[in-house]
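Scroll down for the structure; my scribbles are underneath it.
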Amino acid sequence: MTHSLKNTAEDQAATAAPKPKKRKIFDGGFLVLVAMTLFAAIGVIAQKGLWRVVEIFGETIVFAVTLSPKILGGVFIAAAIPLLVSNDKIANMVGGERGIWGLGLAAFLGALMPGGPMMVYPLAAGFVVAGVDAGALVAFVTGWSLLNLNRTLIWEMSFLHADFVLLRLSISVILPIICGLAARKMFAEARA
Amino acid sequence: MNILIGTIVIWVGVFYAWQRLGRTGQRGEALTAAVELLKFTLPRIGIALLGAGLFAELLPQDQVRSVLGKEAGFGAIVLASFLGPITPGGAFVCFAISAGALKAGAAIAPVMAYTTAWALFSTSKILAYELPLLGGRNFMLRFAVTWPIPLLVGGIVYFLA
């Protein structure tokens with residue numbers, strides 16, 4: 001079973017490019033967003049009239065202008081991270097450490113990973129091929145899911161209050177390591 | 001005030017990154033990459049902020065309060081944990097819905113459970129990337145150890161509040 005799964009990851013890692021293709025500005029996700037916003041606008045017009053939509057539009061512009069220094073800063077950091085920490089360096093570091101320190105490092109590097117799943121999962125598949133232990137793999141993916149700096153800075157901080165974001169992060173910060181430990185134990189028991 | 005604190009935290013990071021990039025001579029490269037990322041991000045943030053405002057206006061506040069408000073208790077956290085993974089689209093959709101729900105009277109604990117559940121188990125992410133790239137067994141192992149997290153995070157916030 002383990003062997004066949006390793007092959008799955010191996011085949012995929014061989015065919016998947018480590019770097020994502022240049023992202024299209026208008027993709028499916030964007031169209032879903034536009035469609036949802038249009039439907040919401042039609043709903044508000046039907047319920048409360050066109051003027052309410054104009055008011056919300058005005059409020060959104062004021063809010064977006066207030067947010068713009070935060071958005072610009074977040075985007076710059078997200079763009080700078082891959083230049084400061086390369087994928088190869090991340091792969092070497094995740095594979096090179098053992099113990100709880102290894103799990104903490106995997107979670108931390110997961111949190112630093114720029115880009116979305118198209119960037120993270122090919123790298124994680126590479127870890128499986130390189131023989132990184134199950135705990136570090138889980139800590140890496142969970143660290144990226146829960147603590148992703150890129151997503152937090154650009155998206156979460158734009159929509160939600162800083163105290164909401166900081167509370168969520170402080171509760172979540174230790175969880176990838178605990179999950180990594182649990183995964184190691186479960187993996188060891190499954191093999192025994 | 002919240003926006004100010006967030007902005008300061010981010011710009012401290014920008015300053016640090018700028019210094020580091022200066023040492024490696026990569027400032028120009030970083031700025032070009034930032035402009036590319038901005039072209040992708042700005043239209044999404046703009047539309048999603050507008051969508052969040054419109055969405056909040058449409059949500060029936062009484063019902064949101066009774067289903068996801070403080071009085072809904074732990075059940076709201078369980079419901080939100082199921083809604084997170086089935087949310088379509090990317091981060092902008094999830095956070096726009098979260099902001100809309102908070103505006104319409106949802107409590108913090110279920111909204112936090114919702115964003116956490118989406119972050120961990122977004123169905124589109126799992127189907128398009130995780131299962132094909134890591135395989136079913138690795139996904140099941142991750143799921144086996146992480147499934148309680150949205151309930152845990154929501155529960156901690158619920159009891160703190």
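Below, chains carry the letters A, B, ... as their sequence lines are ordered, and counting in each starts from 1. For clarity, every value in this text was computed on a predicted model and none was experimentally measured.
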Relative to chain B, which segment of A:L160 carries a heavy atom at a distance below 4.5 Å: side chain, backbone, both, or neither? side chain
Side chain, backbone, both or neither of A:I171 within contact of chain B (heavy atoms, under 4.5 Å): side chain
So, applying side-chain contact (heavy atoms from CB on, under 4.5 Å) with B:L50, which one of A:V53, A:L33, A:T37 is it? A:T37
Considering only heavy atoms from C-beta outward, does the side chain of B:L37 approach that of A:I154 to under 4.5 Å? yes
Can you label the angle between the B:F95 ring and the A:F159 ring as parallel, tilted or perpendicular, going by 30° and 60°? parallel
Contacting moiety of A:S172, where chain B heavy atoms sit under 4.5 Å: side chain
Backbone N or O of B:C94 within a donor-acceptor pair of the A:W155 side chain at under 3.5 Å? no
A:I61 side, atom CD1; B:L49 side, atom CG - distance, nearest 0.5 Å: 11.0 Å
Transitively linked via ILVMFWY side-chain contacts under 4.5 Å: B:M112 with B:V93? yes
Find out whether A:F39 and B:L54 are in side-chain contact, i.e. whether some heavy atom of one side chain is under 4.5 Å from a heavy atom of the other. no
Looking at NZ of A:K48 and CG of B:L58, how far apart are the two atoms once the value is rounded to the nearest 0.5 Å? 7.5 Å
For the CD1 atom of A:I71 and the CD1 atom of B:I10, what is their distance to the nearest 0.5 Å? 9.0 Å
Taking atom CZ of B:F15 and atom CD1 of A:I77, what is their separation to the nearest 0.5 Å? 12.5 Å
Would you say that more than 12 heavy atoms from the other residues, nucleotides or ligands in this model lie under 6.0 Å from the CD1 of A:I100, or not? no
Could you tell me whether the side chain of B:L152 reaches within less than 4.5 Å of the side chain of A:L175, counting heavy atoms only? yes
For B:I45, is it the side chain, the backbone, both or neither that has a heavy atom under 4.5 Å from a heavy atom of chain A? both
What part of B:V35 gets within 4.5 angstrom of chain A, counting heavy atoms only: side chain, backbone, both, or neither? neither
Below 4.5 Å, heavy atoms only, C-beta onward: do A:F30 and B:I47 meet side chain to side chain? yes
For each of A:V32, A:N148, A:V141, tally heavy-atom pairs with chain B at distances under 4.5 Å, and name the one with the top tally. A:V141
Find out whether A:Y121 and B:K125 are in side-chain contact, i.e. whether some heavy atom of one side chain is under 4.5 Å from a heavy atom of the other. yes
Which of B:L31, B:V157, B:I149, B:I156 touches chain A most, by non-hydrogen pairs under 4.5 Å: B:I149
With side chains defined as the heavy atoms from C-beta onward, is the minimum distance between A:L146 and B:T146 less than 4.5 Å? no
What's the spacing between A:L84 CG and B:R23 CZ if we round to 0.5 Å? 9.5 Å
Measure A:Q47 against the heavy atoms of chain B and call it side chain, backbone, both or neither at under 4.5 Å. side chain
